[in-house]
Amino acid sequence: MFDLPPTLNQCIYCGTTDGPLSDEHIIPYGLNGTWKLAKASCRDCADRTSRVEREILRNGLGAPRAALGMRSYRKKRRPTSFPLIIDRGFGDESVSVPVEEHPAVAVLPRYASPSWLESHRRSTGIEVVGASTVYFGRLPLSDFVKKFKGTRLTGTVTYEPTAFARLVAKIALGYCAGRFGFDAVRNAYVTPAILGISDDVGTWVGSTEGYRLALSPQPADRVTHAVGTDVLDGDIVAYVRLFAWAVPDEYIVVVAPVPNGHNDPHEQRRDQPPRST
Ligand SMILES: [Zn+2]
């Protein structure tokens, strides 16, 4: 854990201090995130960011979240079964499978490296180079296949790679605001992409390989996310791992230039353990 700042009283996205400000979860509440920035998002920015978050949590990660018993604001409306495409020898069929038996596969996109790190140039969109598929189901996969007498399962990913990258960027920005204060993110590169104002998310967000957080989560701790930061070439970067116990992929986000006169955004160096929640 890290010490959260006192109430921010300022929107971490647009900087406004006016109007009602809501608390901001750094890692979504729906992913069991516990870090919260008090009074840190204005209504307009909260609308924009929560739309993306909802899409990812409900569609792409709906079944894994249900299987892991993760929190939800609307527990009663949570589906108790999820669709699955299965081939039992007669072609693809869509079947509805209860949460307890669902394979609850999560697909996390793997991106190209942020273009800013390669060339210090902005680019549009984001390039997907692969994906990690992770099985979160309670039933061993072989039992599942036996039970449904299937020969082939087909999963579908229903979220936009861009939306997922915006969510990763939002986690990185919130984390840096919490660790280093609003000044560190006042001129953040990623803010327009997070808010959907620019389409340059791949400039700032990407996957990183071979430079993983030194984290060995306990298997019993089914939900662990981790974030670390460093400074690269005068920029604050954040490393984000979701489902860190299960998913090897790590994202890197170029968050903001190191502000002038800012003493120590280095405080949490790459070679130090990340903060996990
Ligand atoms: Zn705002």
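Atoms within a ligand are numbered from 1 in the order they appear, just like the ligands themselves.
Counting heavy atoms from C-beta outward, Val237 and Val231 have side chains that stay 4.5 Å or more apart. Between Val107 and Val105 the shortest side-chain heavy-atom distance falls below 4.5 Å.
Side chain to side chain, Asp235 and Trp116 meet the donor-acceptor criterion of an N or O pair below 3.5 Å.
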Quiz item: Run the salt bridge (charged side-chain N to carboxylate O under 4.0 Å, His left out) check on Glu53 and Lys170 step by step: do they pass?
Solution: CA-CA 9 Å; Glu53 194 172 300; Lys170 175 185 182 288; 3.1 Å; yes
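Protein N/O/S atoms found under 2.8 Å from the Zn ion (ligand 1): Cys11 SG, Cys14 SG, Cys42 SG, Cys45 SG.
Proximity of a side-chain donor or acceptor of Thr16 to a complementary backbone N or O of Asp18 within less than 3.5 Å is detected.
Aromatic ring pairs are classed by plane angle as parallel below 30°, tilted from 30° to 60° and perpendicular above 60°; the pair Phe243 and Phe136 is tilted.
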